[in-house]
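Please read all numbers here as calculations on a predicted model, not as lab measurements.
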Amino acid sequence: MAASTSVDTHSMIPIFVAFLLVFASSLYPVLSVPAAESDSGNRQLANQTFRPGKEILRLKRVNAFLNKINKSAVKTIQSPDGDVIDCVLSHLQPAFDHPELRGKKPLDPPERPKGNETRETVAESYQLWTDSGESCPEGTVPIRRTPLKDVLRAGSVKRFVRKLRRHVRRDSEGSGHEHAVVFANGDQYFGAKASVNVWSPHVTSEYEFSLSQIWVISGSFGNDLNTIEAGWQVSPDLYGDNYPRFFTYWTTDAYQATGCYNLLCSGFVQTNNKIAIGAAISPRSSYNGRQFDIGLMIWKVSFSGQ
């Protein structure tokens with residue numbers, strides 16, 4: 001499921017606040033069918049001639065990238081699915097590598113929009129890494145450590161962190177894509193929220209993926225497209241497995257030169273110390289069985305009191 005609205009965020013660094021709520025419900029599943037080429041731009045690499053000099057340069061670039069985004073941790077947690085979760089001091093997360101945020105301290109989490117203050121009951125364990133009972137201490141945020149194999153599988157750092165540029169459509173028809181879309185248009189919106197059913201669909205190829213997300217947009221569907229996206233995705237190409245994972249994405253120029261997945265670049269400022277963006281969600285829905293959802297809410301925050 002995707003919901004698109006108009007939000008003017010061209011002049012600010014995208015700041016994302018997401019509440020991940022997992023609870024039993026009887027909602028019907030909302031699924032995006034995987035396709036030959038995914039929304040993330042994942043597609044099979046062509047056979048390439050091995051050139052030692054180029055490979056060494058590529059590895060140097062990849063290692064430099066990993067050294068930049070994998071921050072020093074005050075605590076490390078091993079997840080049952082093989083992920084390593086680093087508890088990183090809030091002011092050292094990747095967002096604060098941005099020149100406009102460097103040296104500043106994280107703000108307190110903003111209040112929810114009026115009428116959305118009530119919090120649903122959150123399940124004790126809603127991501128696999130929390131099954132051990134370990135948690136990140138106050139003042140830190142949990143960040144999934146990016147392994148070398150994830151970047152090498154993508155072929156390049158650029159291809160790993162960003163969606164490939166493509167023509168973006170609002171309807172359910174696209175080249176090589178299949179969508180189920182619900183959208184709303186209007187003069188002015190300040191956010192959106194949705195409850196998204198969580199499944200673990202089988203994708204037929206490691207270069208395909210399936211997702212369900214909420215998609216807040218502004219601008220036209222040309223080069224000025226500005227989006228904030230959040231939901232779950234199954235992407236063997238991006239994560240190396242078939243777990244449904246909580247993800248975020250943003251762009252300010254239609255996926256050309258800005259934006260990235262999760263915390264792979266400066267953009268989203270994480271304030272929650274219980275949710276790891278990019279980590280596997282658990283439990284999941286089952287056919288004719290219990291249903292589980294994540295509650296997502298994205299809203300524009302005014303820091304000037306306006």
Side-chain angles (χ1 to χ4, degrees), residues 1-23 25 27-32 39-40 109-120 122 126 163 168-172 174 177 179-199 210-222 224-233 244-255 258-263 267-272 275 277-278 281 291-303 306:
M1 173 180 177
S4 60
T5 59
S6 299
V7 179
D8 183 10
T9 56
H10 287 281
S11 61
M12 69 177 184
I13 301 171
I15 297 180
F16 171 81
V17 181
F19 292 86
L20 181 63
L21 308 175
V22 181
F23 49 90
S25 77
L27 292 178
Y28 292 104
V30 181
L31 295 175
S32 289
D39 279 343
S40 64
E111 294 182 1
R112 288 192 177 195
K114 191 174 297 184
N116 292 276
E117 298 87 353
T118 302
R119 298 173 181 268
E120 293 95 337
V122 180
Y126 43 82
K163 300 182 181 183
V168 183
R169 301 174 63 108
R170 181 169 47 199
D171 56 33
S172 59
H177 297 80
H179 301 91
V181 180
V182 177
F183 65 90
N185 290 324
D187 293 332
Q188 192 173 39
Y189 290 99
F190 292 92
K193 68 176 182 178
S195 291
V196 181
N197 209 217
V198 180
W199 291 79
S210 183
L211 67 73
S212 185
Q213 70 171 6
I214 186 171
W215 189 32
V216 179
I217 68 172
S218 67
S220 67
F221 279 78
D224 64 338
L225 183 69
N226 186 343
T227 81
I228 299 176
E229 307 166 39
W232 62 261
Q233 62 180 171
R245 294 174 175 271
F246 175 54
F247 84 97
T248 62
Y249 198 92
W250 66 273
T251 181
T252 61
D253 61 359
Y255 310 103
T258 65
C260 65
Y261 279 108
N262 306 330
L263 300 180
F268 289 137
V269 178
Q270 182 165 340
T271 60
N272 191 296
I275 300 167
I277 302 175
I281 300 172
Q291 305 297 296
F292 296 92
D293 303 81
I294 55 174
L296 302 169
M297 184 157 55
I298 302 173
W299 69 94
K300 185 176 180 180
V301 177
S302 174
F303 292 103
Q306 304 262 332

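- Of all heavy-atom pairs spanning Y189 and N185, the tightest one is OH-O, 3.0 Å.
- A 4.5 Å side-chain heavy-atom check between W299 and K193 finds every atom pair outside the cut-off.
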Checking side-chain contact (heavy atoms from CB on, under 4.5 Å) for the pair N262/F268: CA distance, chi angles, key distance, verdict?
CA-CA 8 Å; N262 306 330; F268 289 137; over 6 Å; no
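- The aromatic ring centres of Y255 and Y249 sit less than 6.0 Å apart.
- In this structure, I277 CD1 and Y261 OH are separated by 14.0 Å, a value rounded to the nearest 0.5 Å.
- Here the CG atom belonging to L225 is positioned 9.0 Å from the CG atom belonging to D253, to the nearest 0.5 angstrom.
- Closest of all the heavy-atom pairs between G278 and R245 is O-NH1, 2.8 Å.
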- [ ] Let me see the working for L296 and V196 under side-chain contact (heavy atoms from CB on, under 4.5 Å), right down to the final yes or no.
- [x] CA-CA 8 Å; L296 302 169; V196 181; 4.0 Å; yes
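- Minimum heavy-atom separation, G219 to D224: CA-OD2, 3.8 Å.
- For I294 against G231, the heavy-atom pair with the smallest separation is CD1-C, 4.2 Å.
- The two atoms that bring P244 and W232 nearest to each other are CB-CE3, 4.0 Å, heavy atoms only.
- For T258 (side chain) and T252 (main-chain N/O), a donor-acceptor pair under 3.5 Å exists by modelled atom type.
- In this structure, the separation between OH on Y126 and CD1 on I281 is 11.5 Å, given to the nearest 0.5 Å.
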